[in-house]
Amino acid sequence: MDNKIQVLPEELCNKIAAGEVVERPSSVVKELLENSIDAGAADILVELEAGGKRLIRITDNGCGMNKQDAFLSFERHATSKISSDIDLFALKTLGFRGEALASIASVSRLQLKTCDNEDGLGQQIYAEGGKIKNVTEVGLPCGTVVEVRNLFFNMPARKKFLRKEQTELGHAADVVTKQALANPGVSFRLKHNDRMMLDLRREKGLSARVSALLGRSLLNDLLPLERQNGDDLSLTGLISKPQLTRSAASHIYTFINGRYIRDRVVQHAIMAGYRHLLMKGRYPVVVLFLQLDPAQVDVNVHPTKHEVRFREQALVHDFIADALQQTLRPATWLEAPDVEVSEQINSITDNLTINATEKEPLGGVIRESVKSYSPPVGAVPTVSQLCEQEYQPRTYSAPAQPVPVEQYTLPGSSADGFFTGLQILGQYHQSYILCQDGADLVLIDQHAAHERVGFEKLRQAYSAGNIVGQALLFPEVLELDFNSAAILSDNLIELERLGFEIEPFGGKSFALKSVPQMLAGQNLSTLVVDVALELERIGSSGQIRESIDDVLILMACHSVIRANQALDQVEIKALLQELDQIDFKANCPHGRPVIQRMTLTEIERLFRRQ
Ligand code: ADP
Ligand code: MG
């Protein structure tokens, strides 16, 4: 019998590799940009025609290549970036697999012009479908120009999958955006069919680059973050205040050791950092750089290097989540509008050369409208929905029971807190507290504010193991349906930890003997059943610890001042004092804002005085 196995020819191997690396024009842009950055370029020009389907040309002023290297760069597994497996775990470059150029060349008509000296004499190599056809010397400044024409000209099946020009351009612009964020010191220009779409000059830091790319007004709503954990774990970047959100996670840009990565663990950690600060279905704007010992992360998991594997996943996760929480916790931005920042930005962006009208087609870099909140949706009502259903209506309904004033008085005063320092003007529509802060008008949503206060207090008490229960004078008898009764008896111990003392009373009846102090006087039987149902829901998802917060939110929701409730000065003062004593006070636990500010200028504009 003949042998059946044969070693595939080099060209075919390259084409197979290209299947993984080169999916569309933007993948080519990505690989070539990485090479330019690895080559130390300070200026990079990306030129596209027909969304990159007809032409992709990248010109850089990096180190260039000599004649021999220029030839070698077309070979698969030819790289200047690593030489042993030890290097693989100490990567300092974006590339290392040595297969991008070979792969791209195998599915296009590729011309490489490169020069590694100041004499101005370089090499020009032309290849079709990976076969070198032509080699000449050319006059060229130090740097490299790679031209990729007719992508997939020899792979019709692949070519069919390419999308419209605008779509491919959008993907390519997205790739440029990511590289531009990671390298503020490098200038990037993106030209499409001879129109300049993006013109980013070299910047000193991330803020200036973010403002040039994503809009300078955005910067006012971003907070700087800088955290270090020992020598080899650090996180820096900008994260949005909870009021700035997007409807998709597409504005979460995360970089690991300078490389754009979309990682599940990192993504989860970021959302954990924003826990109870955002409305359902909303995502923050985040540009974060995680720096860690290259040995702690494996980037060689995926051909396009978009995924990584951490050695200590939990450690990295908690470090990131904690860093975000620490930045968001004090909610310091409430205290003063960021005048300085915007002035700083104005001066930075004076020389900005972005072409706003031409930016429109760039799907990836278009600014989305912000600050619109969409109500949560879903088949099974969640805690937040339950709370909203109950307390959302804006029509007047007399409160069943005025909340006793004592409940709001706290020991000790925090005279220098932000909220305490506000001048109280009064209450509007029995729902909003009106205050003056300097020349600004400040509105506080009393329900949202108190909900956050209640939640933070319960959370503290729960983690200290002492939610104070208050015995009821007459135990309340709960008559439940079969299901609710079963759920309740399954969760008696957890309920006790939450401050509810409940005794089975035979059959489907229970005696409620004590309840958390702050809930006394509320509609108790509904609450107990709600809490039990919530525990059941969590129990079946096996995450009691994590989700106990949801139960506490539910309880907070029951305990608080509602909208449509008259508050006197004493009650308002007490609420403001409490706000000063808690964390994350800018948003209610469902993510709605607690305060809004109107400047004098804005108000004067309303009256045409400006
Ligand atoms: P890798 O980036 O993984 O090393 P590539 O196939 O992308 O593999 O590139 C092969 C080699 O060609 C690189 O290691 C580098 O030495 C050289 N090279 C590619 N592009 C450039 C460039 N723009 N400037 C200088 N050298 C380059
Ligand atoms: Mg490369």
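Hydrogens, waters and symmetry mates play no part in the numbers below; they use all other heavy atoms, side chains included. Just so you know, ligand 1 is whichever comes first in the structure, and atom 1 is the first atom listed for that ligand. Computed from a predicted structure; not experimentally measured.
By the neighbour-count criterion of 12 heavy atoms within 6.0 Å, atom CG of N134 is densely surrounded, having more than that number from other residues, nucleotides or ligands.
Among protein atoms, those of element N, O or S found less than 2.8 Å away from the Mg ion (ligand 2) are N35 OD1.
None of K81, K92, R259 except one satisfies the salt bridge (charged side-chain N to carboxylate O under 4.0 Å, His left out) rule with D38; the exception is K81. With S240 as the partner, the side chain to side chain contact (heavy atoms under 4.5 Å, CB included) test is satisfied by one option alone out of D221, L218, L222, T245: L222.
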Give a table of atom pairs where an N or O of ligand 1 lies under 3.5 Å from a protein N or O.
from	atom 1	to	atom 2	distance (Å)
ligand 1	2 (O)	N35	OD1	2.9
ligand 1	2 (O)	K81	NZ	2.7
ligand 1	3 (O)	F96	N	2.9
ligand 1	3 (O)	R97	N	3.0
ligand 1	3 (O)	G98	N	2.7
ligand 1	4 (O)	T79	OG1	2.5
ligand 1	6 (O)	A100	N	3.2
ligand 1	6 (O)	L101	N	2.9
ligand 1	7 (O)	N35	OD1	3.0
ligand 1	7 (O)	N35	ND2	2.8
ligand 1	8 (O)	G98	N	3.4
ligand 1	14 (O)	T79	OG1	3.3
ligand 1	14 (O)	S80	N	2.9
ligand 1	14 (O)	S80	OG	3.1
ligand 1	16 (O)	S80	OG	2.5
ligand 1	20 (N)	N35	ND2	3.4
ligand 1	23 (N)	D60	OD2	2.9
ligand 1	24 (N)	T144	OG1	3.3

Show your reasoning for whether salt bridge (charged side-chain N to carboxylate O under 4.0 Å, His left out) applies to R329 and D583. CA-CA 5 Å; R329 181 191 304 274; D583 294 325; 3.0 Å; yes
Step-by-step side-chain hydrogen bond (donor to acceptor under 3.5 Å, both in side chains) determination, Y126 to E128: CA-CA 7 Å; Y126 176 72; E128 265 184 19; 2.9 Å; yes
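Classification of the F255-F289 ring pair by plane angle, with boundaries at 30° and 60°, yields parallel.
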Name each donor-acceptor pair under 3.5 Å that joins a side chain in residues 143-153 to protein atoms two or more places apart or in another chain, with its distance.
from	atom 1	to	atom 2	distance (Å)
T144	OG1	T114	OG1	3.0
E147	OE1	R149	NE	3.4
E147	OE1	R149	NH2	3.3
E147	OE2	R57	NE	2.9
N150	OD1	R109	NH1	3.1

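Partners of S83 by side-chain hydrogen bond (donor to acceptor under 3.5 Å, both in side chains), not counting sequence neighbours, listed by chain and number: D87.
Between the side chains of R209 and N183, no donor N or O sits under 3.5 Å from an acceptor N or O.
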